[in-house]
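Below is one structure, written out as structure tokens; the observations come after it.
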Amino acid sequence: NGRTDTDPTANWYEGEIGFFDGYIIPLATKLKECGVFGNAGDEYLGNALRNKVEWIEKGKAIVAEFETKIKNKTFNVIN
């Protein structure tokens with residue numbers, strides 16, 4: 001039915017940081033180092049690092065907002 005017994009919000013904030021550290025930032029670093037996208041590689045890495053900082057600053061509030069919307073059933077589901 002697409003449902004899980006575990007609450008996905010429990011580790012969402014930390015999981016996103018791990019995703020940045022384990023996947024996004026290493027990928028952006030490799031793109032920069034290989035030079036296949038020219039100067040855009042610098043931009044990709046910079047954006048990844050800034051997005052991580054933004055998530056660290058705002059992520060807990062975002063997760064809390066989604067939790068509230070889910071509990072109050074005030075969210076929109078797009079099929």
Side-chain angles (χ1 to χ4, degrees):
N1 67 6
R3 305 279 179 189
T4 179
D5 292 332
T6 58
D7 180 359
T9 62
N11 296 308
W12 188 9
Y13 173 78
E14 294 84 2
E16 290 298 310
I17 294 171
F19 187 62
F20 275 107
D21 289 339
Y23 185 76
I24 300 295
I25 293 170
L27 176 60
T29 300
K30 288 178 185 178
L31 290 173
K32 177 185 173 184
E33 289 172 354
C34 77
V36 71
F37 293 108
N39 291 336
D42 290 326
E43 187 176 340
Y44 298 152
L45 179 56
N47 288 340
L49 294 169
R50 282 187 294 279
N51 286 343
K52 179 186 172 190
V53 168
E54 185 173 3
W55 180 256
I56 289 169
E57 293 171 352
K58 299 177 181 178
K60 287 183 181 180
I62 292 168
V63 172
E65 180 182 348
F66 279 129
E67 285 180 304
T68 299
K69 287 181 177 184
I70 290 166
K71 288 175 186 172
N72 295 332
K73 298 183 180 181
T74 58
F75 60 93
N76 293 321
V77 177
I78 300 172
N79 292 327

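Here the structure is a predicted model, which is why all the values come from computation and not from measurement. In what follows, residues are counted from 1 in the order of the sequence shown.
Considering CD1 of Ile62 and CD of Glu57, their distance stands at 10.5 Å, rounded to 0.5 Å. Atom CD1 of Ile17 and atom CH2 of Trp12 lie 13.0 Å apart (nearest 0.5 Å).
Residue pairs that meet the side chain to side chain donor-acceptor pair (under 3.5 Å) test with at least one member in residues 20-29, sequence neighbours left out, are Asp21-Lys52.
When every heavy atom of Ile25 is checked against every heavy atom of Ala48, the shortest pair comes out as CG1-CB, 4.1 Å.
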Listed pairs under 3.5 Å, donor-acceptor, residues 31-43 side chains, sequence neighbours left out:
none

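Applying the ring pair (Phe, Tyr, Trp, His ring centres under 6.0 Å) rule to Phe20 yields no partners; only residues at least two apart in sequence or on another chain are considered. Under the side-chain contact (heavy atoms from CB on, under 4.5 Å) criterion, Lys30 pairs with no residue at all, not counting sequence neighbours. When the side chain to side chain donor-acceptor pair (under 3.5 Å) test is applied to Trp55, no partner is found at least two apart in sequence or on another chain. Listed by chain and residue number, nothing satisfies the side chain to side chain donor-acceptor pair (under 3.5 Å) test with Lys60 (two or more places apart in sequence, or in another chain). Every residue meeting the side-chain contact (heavy atoms from CB on, under 4.5 Å) condition with Glu54, not counting sequence neighbours, appears here in chain and number order: Asn51, Lys58. With sequence neighbours excluded, the residues forming a salt bridge (charged side-chain N to carboxylate O under 4.0 Å, His left out) with Glu65 are Lys69, listed by chain and number.
Cluster annotation: Val53 is not connected to Ile24 through the hydrophobic network of ILVMFWY side chains, with a link wherever side-chain heavy atoms come within less than 4.5 Å.
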